[in-house]
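Below is one structure; the comments refer to it alone.
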Amino acid sequence: MYSKKKCVAMLLAGGQGSRLYALTKNVAKPAVPYGGKYRLIDFPLSNCTNSGIDTVGVLTQYQPLVLNEYIGNGQPWDLDRMNGGVHVLPPYETQAGASWYEGTANAIYQNMRFIERYDPEYVVVLGGDHIYKMDYSKMVDFHIANNADCTISVIDVPKSEASRFGIMICDEGNKVVDFVEKPKEPKSTLASMGIYVFSWNKLRKYLIENEEDANAKRERGESWSKDFGKDIITSMLANNERLFAYEFEGYWKDVGTLDSLWDANMDLLNPVNPLDLYNPNWKIYSRNENMPPQYIGENANIENSMISEGSNVDGTVDFSVIFAGVTIEPGATVKYSIVMPGTVIKSGAVVEYAIVGEGCVIEGGARIGKDPASFPDRDEWGIAVVGHNVKVSGNKVVEPKQIIADNI
Amino acid sequence: MNVNYDVLGLIFASMHDENVDELAKKRTMGSIPFGGRYRLVDFPLSNMVNSGVSEVGVITKSNYGSLLDHLGSGRAWDLARKQGGLHLLPPYSQTDSGQYKGRIDAINKVGSFLEHSNAKYVICSDCDIVTTIDFSNVIKQHVESEADITCVYGKCLYDYEKNSTTTILELDEENRVTDVLYQPSFSGECNICLNMFVMSMDFLKTVAADGVSRGCYSLTRHVLQDKKHNYKIMGYEHKGFFTKVDSVQNYYKANRMLLDTEKRNALFTKDMPIYTKVGDNGPAKYGIEASVKNSLIADGCIIEGTVENSILFRGVKVGKGTVVKDSVILQGTEIGNNCNVVSVITDKNVVISNGKNSTGSETYPLYISKNAKI
């Protein structure tokens, strides 16, 4: 027996995150560490719990080991429920054969049975790679008030960046009249945040149609796709369904690239940063390891930084985000950098403007990254990146923009 | 030792409350916050779990609200189980409810809990000792030596003026207990009983029934002292780091011992982690003018000022221009701007307003009670 749910959330966590390179070599993008003690997926999962959504399907495909282990039974997010809770949904085999998820729409299509067990009125579709705090229940209320078939959460972006996003063109009543993916000349600055609320009966219909349509095209040798933005939203618009844009105000960051991941961490150190991780009424939950509090040594010099449990800091840390269980020895310097869990920065190492992955060892004398001030041409400069479990020997240098995935 | 259904853990959460009056005013010994993010009960509980014990009863007396809140279902210690797991044993209503007269009385009153267990051995522990210990070695010695009772002890300096409710063991070459002294009036290096005992379940039940029928409720006085020649009482030396919380001063000292890297590493090991209830705080945040040296800082702290030689529990705020030195600052304390806080223990959620000073001394730290506003 499954009791009826008003709302079921489906979280698309299958993305490879190829633009995060070394950081997603062995882990799915939603499991990438962020903000000192979180992983990206903590944000949508915590938002669900805080919004009163207690049934979440997580669609995984790429390198799911770390992600599955991390989600576990969902207890850290209060999603270990008798009825509902979090469920990891990998692709599976049927009598008709096995198939990978062939796009975001297909991933949900393949899990329609999961959704139907709960007989929901609404399905909330979420991504696993954005940093934001949002009350989805307000968006669902907005959806209901507008008698909408689909509501898309949008954020007003600067005109100069609009061509990087899917752009919604709306009338005065927030009704979507057109949707253009990455337009060269954007007609609006309302960017889709990849968060959708669908009335389930409508979504169901369009998922089935898209599936049949795409499969027919494939048989005819034509190009096909099974994607939310490209296919589902476009056909709903073409059929004059009621699509509405729900404007979100607040902090929202897409962390699709190494630069944006670094930026999003640095945002936390900004004193006027609007993303408050300390609000007891909207906590971001995460799976914690059992570690003692951080110890700050006699030689430490820490300014404007975030440091997490289990760390041992006795060096210089400036404008940086230090994750759990990191050791920074006396005489080591970490500036404008992100150091992920369990990494050791030895005495004499210098890490600047860099992302250092989990479980790394940076030996004394090594130099990771450089201050952009020393680059007359800023285009030549970029964040230096050391992937997970990499050892950097004493005399080695990782240049700005360089990405290291193996020991050097 | 792997999963072991043969051993039951019994934790006395309310023993020695009177030693730390101020701290235990609204809580039990077991729920006194310690070491930045723990409570004292976390140590015996984690030690038992890490030693393979999967069934633990926690005996309380009064003021156990905070203890219940902390332990919950026992999930944080992996004790939310169908088989065994965590059992909270508050005093149930009898004519003299709320008041255990001693460990023997308490054991007798939780008789039905013991009846339901299949365990062959019982580890009893109080909450006043902070240490990391593998009980499986104690059990092993207990079984091999065919003892009736095995007492865990540690060697350390005892000072009758500074320590309280201390039991001291005298042992022969075979580690058999030859004499038991309770709070004797001398000072020096002694074998201090760590208030952890191993007995067989049958022996425990016999001792409890016998004690109650004679009106003898103290395990220390009526069993260890009076029956030292009747029973085979053995000592087990715990050589690892330990510290005893038996006064507010010693509580202050014990917290600050964690600033010693060697002691900290001895207490927090990889193999035997100390589990506690998760707080879901953000990471600690250090401001532009922050200066922090030789301190233990928990998650959720926001530090804008100077912190030295101190322990900051979860969610503590330290304002700009403020200096916190040699202090133990419990969860949720907010210290404003330009304050001077030296040698102080603030209990939970204390507020120290801008510009206020609070100073104690290293030997007698100033204790500021829960929710106080200065």
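The structure displayed is predicted, hence computed values, not measured ones.
Top candidate by heavy-atom pairs under 4.5 Å with chain A, chosen from B:Pro273, B:Ala284, B:Ala298, is B:Ala284. Your options are A:Ala300, A:Ala324, A:Gly35, A:Gly310, and the one with the most heavy-atom pairs under 4.5 Å with chain B is A:Ala300.
Only the backbone of A:Leu268 comes within less than 4.5 Å of a heavy atom of chain B; no side-chain atom from C-beta onward does. Looking at B:Leu259, both its backbone and its side chain come within 4.5 Å of chain A, counting heavy atoms on both sides. For B:Leu296, the parts sitting under 4.5 Å from any heavy atom of chain A are the backbone and the side chain alike. Heavy-atom distances place the side chain of B:Val278, and not its backbone, under 4.5 Å from chain A.
For the atom pair CD1 of B:Ile297 and CD1 of A:Ile307, the computed distance is 9.0 Å after rounding to the nearest 0.5 Å.
The heavy-atom pair separating A:Pro293 from B:Gly36 by the smallest distance is CG-CA, 3.9 Å.
Every side-chain contact (heavy atoms from CB on, under 4.5 Å) that B:Pro44 has, sequence neighbours left out, goes to B:Ile11, B:Ser125, B:Cys127.
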Quick one: donor-acceptor pairs under 3.5 angstrom, chain B versus chain A?
residue, atom, partner, partner atom, Å
B:Arg37, NE, A:Glu309, OE2, 3.3
B:Arg37, NH1, A:Met291, O, 2.6
B:Arg75, NH1, A:Asp80, OD2, 2.9
B:Gly279, O, A:Lys283, NZ, 2.9
B:Asn281, O, A:Lys37, NZ, 2.7
B:Pro283, O, A:Tyr278, OH, 2.5
B:Ala284, N, A:Ile307, O, 2.8
B:Ala284, O, A:Ile307, N, 2.9
B:Lys285, NZ, A:Leu268, O, 3.0
B:Tyr286, N, A:Ser305, O, 2.7
B:Tyr286, O, A:Asn304, N, 3.1
B:Tyr286, O, A:Ser305, N, 3.0
B:Tyr286, OH, A:Gln294, OE1, 2.8
B:Gly287, O, A:Asn304, N, 3.0
B:Lys293, NZ, A:Ala300, O, 2.6
B:Asn294, N, A:Ile296, O, 2.8
B:Asn294, N, A:Gly297, O, 3.3
B:Asn294, OD1, A:Tyr295, OH, 2.3
B:Ser295, N, A:Ile296, O, 2.9
B:Ser295, O, A:Ile296, N, 2.8
B:Ile297, N, A:Gln294, O, 2.8
B:Ile297, O, A:Gln294, N, 2.9
B:Asp299, OD1, A:Glu309, N, 3.2
B:Asp299, OD2, A:Lys37, NZ, 2.9

